[in-house]
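Scroll down for the structure; my scribbles are underneath it.
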Amino acid sequence: MSPRNQAAWIPVAKTKPFQVGDAPYTPPGPGEIVVKNGAVAINPFDWVIQAIGPTLAPHLKYPMVTGSDIAGTIVEVGPGVERFAVGDRVFAAAAALSKDSGRAAEGAFQLYTVIREHMAAPTPADVSDEQACVLGLGLGTAAYGLFHENYLGLDLPQVPARPTTGAPGGRPRAVIVTGGASSVGSNAVQLAASAGYEVLSTSSPKNFAYVRGLGAAHVFDYGSKTLVADLLRALEGRDLAGAYAIGAGAVEACAAVMTQRGPNDVTRKRIALAGSPSSRDGIPAFFGARIIGNAIALALRSAVRNLLTGVDAKFIQVDEMTDPKGVVARVYLEFLPRALAVRQFVPAPSPLVVGKGLDKIQEAMAVQMKGVSAKKVVVSL
């Protein structure tokens, strides 16, 4: 007999609050597992999808279960699954919002979620579900922008971390990751450091120690008038492999650094942008037509900037994040299990638990919309 499932449904597009009710229990297909969720995390994209889902994700069919970040215990494994067994604790990225899914069974905001095996990793025994569920979409977005060839195309992370010189006798390699205390930034800093890059990051001064603890070699005040000059000094004698931009003014600062480097400095003029130029925590800051208009304006400015300076800034579109052979899957399969076991990589940021139960998800979304610092909003189940 199948377990009784419940979900926080979006019954019709652009509807809130969620409607908590019964949901079918869906058994896993080939290469899939079913996880009984112990905790789920909230991403800014979740409330954007709730508000204007068809505008950004026309492939979704309603009623719909959304959400991307889960941690819990496996209750069933599908054909061909060899990495996991029933009873294993895992964290994962749920794939309901991806274009190759769009099905409610893969949404996070329910008691039992179908997860693709290559989008999950073991949860260490000393890590709670609330701590582990903060990864998901933030981790995938960070990995995609850093390592996919269409964006920064950096070397993949490894255990132990690659040397920052890349090759013996080479100059240190550096990468800029702005917004290091955000959900996406917290993952990007750790991944880039494990990939062998000296990370230069930004945050508010109160989060300097936090971002350094994640592996950043230097952290600067994102609001400082001397930010560009500070970054240029820190980059002396180093090859710049690119920039991962999160937050207001980040693209402009990174582009200025790239264009002001000396003629003999090795500078790769690529910027991967998570969110709009005026986003908070690496997500779009505007709704509806304003999101689209903002994206068009960004594309036009980027095209002009590229023509004038050679700086190529691209908004990260994670359309292929669920690719079983892609860079995100490789991070889940090859890096995370070992890195978490030796604490070279830690779940970050810390969870801010709003409450327990599916009926708390709407409240958690409201908390997230107000903004959090070096935290990720979580609901226990």
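Below, all heavy atoms of this structure are taken into account, side chains as well, without hydrogens, waters or symmetry copies. The structure presented is a predicted model; accordingly, all values stated were derived computationally and were not measured. In this chain, residues are counted from 1 in sequence order.
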Item checked: The single option from Ile246, Ile316, Val189 passing side chain to side chain contact (heavy atoms under 4.5 Å, CB included) against Val184 -> Ile246
Check: How about Thr267 and Arg261: does a side-chain donor come under 3.5 Å of a side-chain acceptor?
Finding: yes
Note to self: Checking Gln131 against Ser350: is there a side-chain donor and acceptor pair closer than 3.5 Å?
What the structure shows: no
Next item on the list: Decide yes or no for Val40 and Val378: does some side-chain heavy atom of the first lie under 4.5 Å from some side-chain heavy atom of the second?
Entry: no
Notebook entry, point to check: Looking only at side chains, do Tyr210 and Ser186 share a donor and an acceptor under 3.5 Å apart?
Noted result: yes
Item checked: Rounded distance [0.5 Å steps], CZ in Phe220 versus CZ in Phe208 -> 8.5 Å
Note to self: We want to know whether Glu334 and Gln158 form a side-chain donor-acceptor pair, criterion being a heavy-atom distance below 3.5 angstrom.
What the structure shows: no
Check: Okay, side chain of Gln110, backbone of Ala104: is any donor-acceptor separation there less than 3.5 Å?
Finding: yes
Next item on the list: Quick one: closest heavy-atom pair of Pro124 and Leu340, and the distance?
Entry: CG-CB, 3.9 Å
Notebook entry, point to check: When the ring planes of Phe345 and Phe335 are compared, do they come out parallel, tilted or perpendicular, using 30° and 60° as the limits?
Noted result: perpendicular
Notebook entry, point to check: So, the side chain of Glu117 versus the backbone of Arg83: is there a donor-acceptor pair under 3.5 Å, distance only?
Noted result: yes
Next item on the list: Return the minimal non-hydrogen interatomic distance between Trp9 and Pro24, and the atom names on each side.
Entry: CZ2-CD, 4.2 Å
Margin query: Please check: side-chain N/O of Arg270 versus main-chain N/O of Tyr151, any donor-acceptor pairing under 3.5 Å?
Written below: yes
Check: Does the pair Ile10 and Gln50 meet the rule for a side-chain contact (heavy atoms from CB on, under 4.5 Å), with working shown?
Finding: CA-CA 7 Å; Ile10 302 178; Gln50 186 181 38; 4.1 Å; yes
Margin query: For a 4.5 angstrom cut-off between non-hydrogen side-chain atoms, does Val90 reach Val35?
Written below: yes
Note to self: Is it the case that the side chains of Ser68 and Asn43 hold a donor-acceptor pair, with the cut-off being a distance below 3.5 Å and no angle test?
What the structure shows: no
Checklist line | Exercise: identify the closest heavy-atom pair between Ser203 and Val219 | finding: OG-CG1, 3.6 Å
Notebook entry, point to check: Hey, is Lys269 close enough to Asp312 for a salt bridge, meaning N to O under 4.0 Å?
Noted result: no
Checklist line | Contact check, side chains of Ser201 and His218, non-hydrogen atoms, under 4.5 Å | finding: no
Check: Hey, is the main chain of Gly107 close enough, under 3.5 Å, to the side chain of Thr113 for a donor-acceptor pair?
Finding: yes
Next item on the list: Answer yes or no: is there a donor N or O on one side and an acceptor on the other, between the side chain of Thr141 and the main chain of Gly138, under 3.5 Å?
Entry: no
Item checked: Closest approach of Leu381 to Gly357 (non-hydrogen atoms, all atoms of both residues) -> CD2-C, 3.8 Å
Checklist line | side-chain contact (heavy atoms from CB on, under 4.5 Å) assessment of Leu240 paired with Asp265 | finding: CA-CA 8 Å; Leu240 178 58; Asp265 290 323; over 6 Å; no
Notebook entry, point to check: If you group Ile, Leu, Val, Met, Phe, Trp and Tyr by side-chain heavy-atom gaps below 4.5 Å, do Phe45 and Tyr62 land in one group?
Noted result: yes
Check: Does the side chain of Leu97 reach to within under 4.5 Å of the side chain of Leu60, using non-hydrogen atoms?
Finding: yes
Check: So, Ser204 versus Asp221: side-chain donor-acceptor pair below 3.5 Å or not?
Finding: no
Next item on the list: For residues Ser373 and Lys206, determine if any side-chain heavy atom of one lies less than 4.5 Å from a side-chain heavy atom of the other.
Entry: yes
Item checked: Under 3.5 Å: donor-acceptor pair, side chain of Thr259, backbone of Ala256 -> yes
Notebook entry, point to check: Is the closest basic N to carboxylate O distance between Asp239 and Arg173 below 4.0 Å?
Noted result: no
Note to self: For the CD1 atom of Ile361 and the CD atom of Glu363, what is their distance to the nearest 0.5 Å?
What the structure shows: 11.5 Å
Margin query: Is a donor from one side chain sitting under 3.5 angstrom from an acceptor on the other, for Ser183 and Lys376?
Written below: yes
Next item on the list: Give the C-alpha distance, both sets of side-chain angles, the deciding distance and a yes or no for side-chain contact (heavy atoms from CB on, under 4.5 Å) between Ser224 and Asp230.
Entry: CA-CA 9 Å; Ser224 172; Asp230 294 338; 4.1 Å; yes
Checklist line | salt bridge (Lys or Arg N to Asp or Glu O under 4.0 Å) between Arg116 and Asp100, intermediate numbers included | finding: CA-CA 12 Å; Arg116 304 180 192 197; Asp100 63 350; 2.9 Å; yes
Check: Do we see a donor-acceptor contact under 3.5 Å between the side chains of Glu106 and Ser101?
Finding: yes
Margin query: Using modelled atom types and a 3.5 Å cut-off, is there a donor and acceptor pairing between side-chain atoms of Asp69 and backbone atoms of Ile42?
Written below: no
Item checked: side-chain contact (heavy atoms from CB on, under 4.5 Å) evaluation trace for Asp88 with Thr73 -> CA-CA 6 Å; Asp88 288 349; Thr73 303; over 6 Å; no
Next item on the list: Go through the steps for Arg103 and Glu32 under the test salt bridge (Lys or Arg N to Asp or Glu O under 4.0 Å), then give the verdict.
Entry: CA-CA 14 Å; Arg103 59 176 184 149; Glu32 296 177 341; 2.7 Å; yes
Check: With side chains defined as the heavy atoms from C-beta onward, is the minimum distance between Arg171 and Arg238 less than 4.5 Å?
Finding: no
Item checked: Short side-chain donor-acceptor distance under 3.5 Å, Asn5 and Asp22 -> no
Check: To the nearest 0.5 Å, how far apart are CG in Leu336 and CG in Leu191?
Finding: 7.0 Å
Next item on the list: Flag yes if Val134 and Trp47 sit in one hydrophobic cluster, no otherwise; membership is Ile, Leu, Val, Met, Phe, Trp, Tyr, and two members link when side-chain heavy atoms are under 4.5 Å apart.
Entry: yes
Next item on the list: Determine whether Leu156 and Leu333 fall in the same hydrophobic cluster, where Ile, Leu, Val, Met, Phe, Trp and Tyr are linked whenever their side-chain heavy atoms lie under 4.5 Å apart.
Entry: no
Margin query: To the nearest 0.5 Å, what is the distance between OG on Ser98 and CG on Asp323?
Written below: 11.5 Å
Next item on the list: Provide the closest heavy-atom pair for Ala41 versus Cys133 in the form atom of the first, atom of the second, distance.
Entry: CB-O, 3.3 Å
Note to self: Looking at Val127, is its backbone amide N or carbonyl O close enough to the side chain of Arg89 to form a donor-acceptor pair, meaning the two atoms are under 3.5 Å apart?
What the structure shows: yes
Check: Going hydrophobic residue to hydrophobic residue with side-chain gaps under 4.5 angstrom, can you get from Tyr222 over to Leu273?
Finding: no
Margin query: Keeping His118 on the side-chain end and Thr322 on the backbone end, is there a donor-acceptor pair under 3.5 Å?
Written below: yes
Notebook entry, point to check: So do the side chains of Val353 and Val379 get within less than 4.5 Å of each other, counting heavy atoms only?
Noted result: no
Check: Of the options Val311, Ile176, Thr178, which is the one that meets Ile271 in a side chain to side chain contact (heavy atoms under 4.5 Å, CB included)?
Finding: Val311
Margin query: According to ring pair (Phe, Tyr, Trp, His ring centres under 6.0 Å), does anything in residues 80-116 pair up with another residue at least two apart or in another chain? List the pairs.
Written below: Phe18-Phe109, Tyr25-Tyr112
Margin query: With rounding to the nearest 0.5 angstrom, report the CD to CG distance, Gln6 to Asp359.
Written below: 9.5 Å
Check: What distance separates Leu152 CG from Tyr144 OH, expressed to the nearest 0.5 Å?
Finding: 12.5 Å
Next item on the list: Return yes when atom CZ of Arg330 has more than 12 non-hydrogen atoms of other residues, nucleotides or ligands closer than 6.0 Å, and no otherwise.
Entry: no
Notebook entry, point to check: For Gly185, does its backbone N or O pair with a side-chain atom of Ser182 as donor and acceptor, under 3.5 Å?
Noted result: yes
Check: So, for Pro28 and Val34, which heavy atoms are closest and what is the spacing to 0.1 Å?
Finding: CD-CG2, 3.4 Å
Margin query: Just by distance, no angles: are the side chains of Ser380 and Glu130 close enough, under 3.5 Å, to form a donor-acceptor pair?
Written below: yes
